[in-house]
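Throughout, residue positions are numbered sequentially from 1 according to the sequence presented. Any value given below was found using the heavy atoms of this structure, including those in side chains, with hydrogens, waters and symmetry copies removed.
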Amino acid sequence: SGSPHYNEDRFNIPWMQITQARLITSLSEADKKNTLFTRKSQGDSYLLLCDTRNHGNFTSYAMFGMENPVPGYWGPIQGNPKLLYETICRFCLRFFDGYLENDPAAGEFLRNYSQGSEPGSGLISFEFKKGKNPTPLIDDFVYDIVVNGTGKALPRLKEMAALPSYEKVL
């Protein structure tokens, strides 16, 4: 990215990318090995590839049966856009339930998803990649001081100081 604020090292939270399968499958083998999904190492990562050539299938237009083409944006809707949209929503809900609501069943489903195990699964492919625990950042330390006070923040500072990347972090 051209932004001076873009830093993939700070991209360390659980993450789900949803995209059209054709955008990944059309990449060269070298480019497939250099996607953000493959580069991201901290925090769990999920990749939901949708078998559609039409971006409109990712929107609520598909859910509500609005299948007319939008000139310059997408052509006529093909396939079963409602089922694809519902499938995307189910995966998103499980992702949010797993990470925001700490629902173990949702997290278990995502980590162990088996192709063909539910309606709409023929329209997608799904990949899970276990990430390393995130490296603490200075923002984490500042947050600890503000929220918990300096006494409780000290263990995190000691943890950060023991890391090989300490100078980079601080």
Side-chain angles (χ1 to χ4, degrees), residues 1-67 70 73-75 77-140 143 147 165 168-169:
S1 168
S3 170
H5 303 290
Y6 183 81
N7 181 350
E8 287 182 12
D9 293 336
R10 297 178 60 96
F11 195 33
N12 59 22
I13 60 172
W15 169 77
M16 179 185 284
Q17 178 183 1
I18 304 168
T19 191
Q20 295 173 1
R22 68 184 176 93
L23 299 177
I24 301 296
T25 57
S26 66
L27 294 174
S28 70
E29 286 306 312
D31 286 341
K32 284 179 187 177
K33 293 177 182 171
N34 195 31
T35 65
L36 181 55
F37 181 78
T38 57
R39 289 190 315 266
K40 184 176 177 293
S41 63
Q42 297 184 74
D44 294 344
S45 298
Y46 302 87
L47 180 62
L48 179 64
L49 298 176
C50 301
D51 186 19
T52 180
R53 302 193 70 70
N54 193 317
H55 189 76
N57 290 353
F58 285 87
T59 69
S60 57
Y61 288 119
M63 185 67 180
F64 296 115
M66 299 175 189
E67 298 183 4
V70 176
Y73 193 57
W74 67 69
I77 303 290
Q78 298 173 344
N80 189 340
K82 183 176 180 182
L83 182 57
L84 176 60
Y85 185 75
E86 290 171 346
T87 303
I88 292 168
C89 290
R90 278 196 307 276
F91 274 82
C92 289
L93 183 60
R94 286 185 173 122
F95 178 79
F96 291 130
D97 284 349
Y99 287 99
L100 300 179
E101 299 293 330
N102 294 315
D103 177 349
E108 187 70 20
F109 173 88
L110 292 172
R111 287 185 295 280
N112 298 306
Y113 173 73
S114 168
Q115 195 70 32
S117 63
E118 70 167 46
S121 63
L123 301 172
I124 57 102
S125 62
F126 188 72
E127 190 175 338
F128 165 68
K129 184 175 81 172
K130 178 74 179 153
K132 298 184 294 187
N133 289 332
T135 302
L137 301 170
I138 190 67
D139 297 352
D140 300 320
Y143 178 84
V147 172
S165 57
K168 181 177 169 185
V169 172

- Item | Centroid separation Phe91 to Phe95 less than 6.0 Å |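 They do not qualify: ring centres at least 6.0 Å apart.
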
- Close aromatic pair by centroid cut-off 6.0 Å: Phe128 and Tyr113: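 Judged by ring-centre distance (under 6.0 Å), Phe128 and Tyr113 do not meet the cut-off.
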
Could you tell me the separation between the [atom1] atom of [X] and the [atom2] atom of [Y], rounded to the nearest 0.5 Å?
| X | Y | atom1 | atom2 | answer |
| --- | --- | --- | --- | --- |
| Cys50 | Leu123 | SG | CG | 8.5 Å |
| Leu93 | Glu101 | CG | CD | 9.5 Å |
| Leu84 | Ile124 | CG | CD1 | 9.0 Å |
| Arg111 | Tyr46 | CZ | OH | 5.5 Å |
| Thr35 | Gln17 | OG1 | CD | 7.0 Å |
| Asp31 | Ser26 | CG | OG | 9.5 Å |

- Query: For Thr19 and Leu23, which heavy atoms make the closest approach, and how far apart are they?
  - Reply: OG1-CD1, 3.4 Å

- Query: Of the non-hydrogen atoms in Ala106 and Asp97, which two are nearest, and what is the gap between them?
  - Reply: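 Smallest interatomic distance, heavy atoms only, reads CB-CB, 3.9 Å.
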
- Message: Whether Lys129 and Asp44 form a salt bridge (side-chain N of Lys/Arg under 4.0 Å from carboxylate O of Asp/Glu) is what I want to check.
- Response: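 Looking at Asp44 and Lys129, the cut-off is not met.
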
- Item | Glu108/Arg94 salt bridge by N-O under 4.0 Å criterion |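 Salt bridge between Arg94 and Glu108, a charged N being under 4.0 Å from a carboxylate O: no.
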
- Query: Has Ile13 got more than 12 heavy atoms of other residues, nucleotides or ligands less than 6.0 Å from its CD1?
  - Reply: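 No, the 6.0 Å shell around CD1 holds no more than 12 heavy atoms from other groups.
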
- Worked check of side chain to side chain contact (heavy atoms under 4.5 Å, CB included) between Ile18 and Cys92: CA-CA 9 Å; Ile18 304 168; Cys92 289; 3.4 Å; yes

- Step by step, work out the side chain to side chain contact (heavy atoms under 4.5 Å, CB included) result for Asn34 and Arg39. CA-CA 6 Å; Asn34 195 31; Arg39 289 190 315 266; 3.2 Å; yes

- Task: Start with the C-alpha distance between Leu47 and Met16, add both sets of side-chain angles, then the distance that settles side chain to side chain contact (heavy atoms under 4.5 Å, CB included), and finish with yes or no.
- Result: CA-CA 6 Å; Leu47 180 62; Met16 179 185 284; over 6 Å; no

- Task: Check whether any side-chain heavy atom of Glu127 lies under 4.5 Å from a side-chain heavy atom of Ser45, and answer yes or no.
- Result: no

- Task: With Lys40 as the cation and Phe11 as the aromatic partner, state whether NZ or CZ is under 6.0 Å from the six-membered ring centre and within 45° of the axis.
- Result: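 Yes - Lys40 lies over the ring of Phe11, closer than 6.0 Å to its centre and within 45° of its axis.
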
- Item | Verdict with supporting geometry, Lys32 and Thr38, side chain to side chain contact (heavy atoms under 4.5 Å, CB included) | CA-CA 8 Å; Lys32 284 179 187 177; Thr38 57; over 6 Å; no

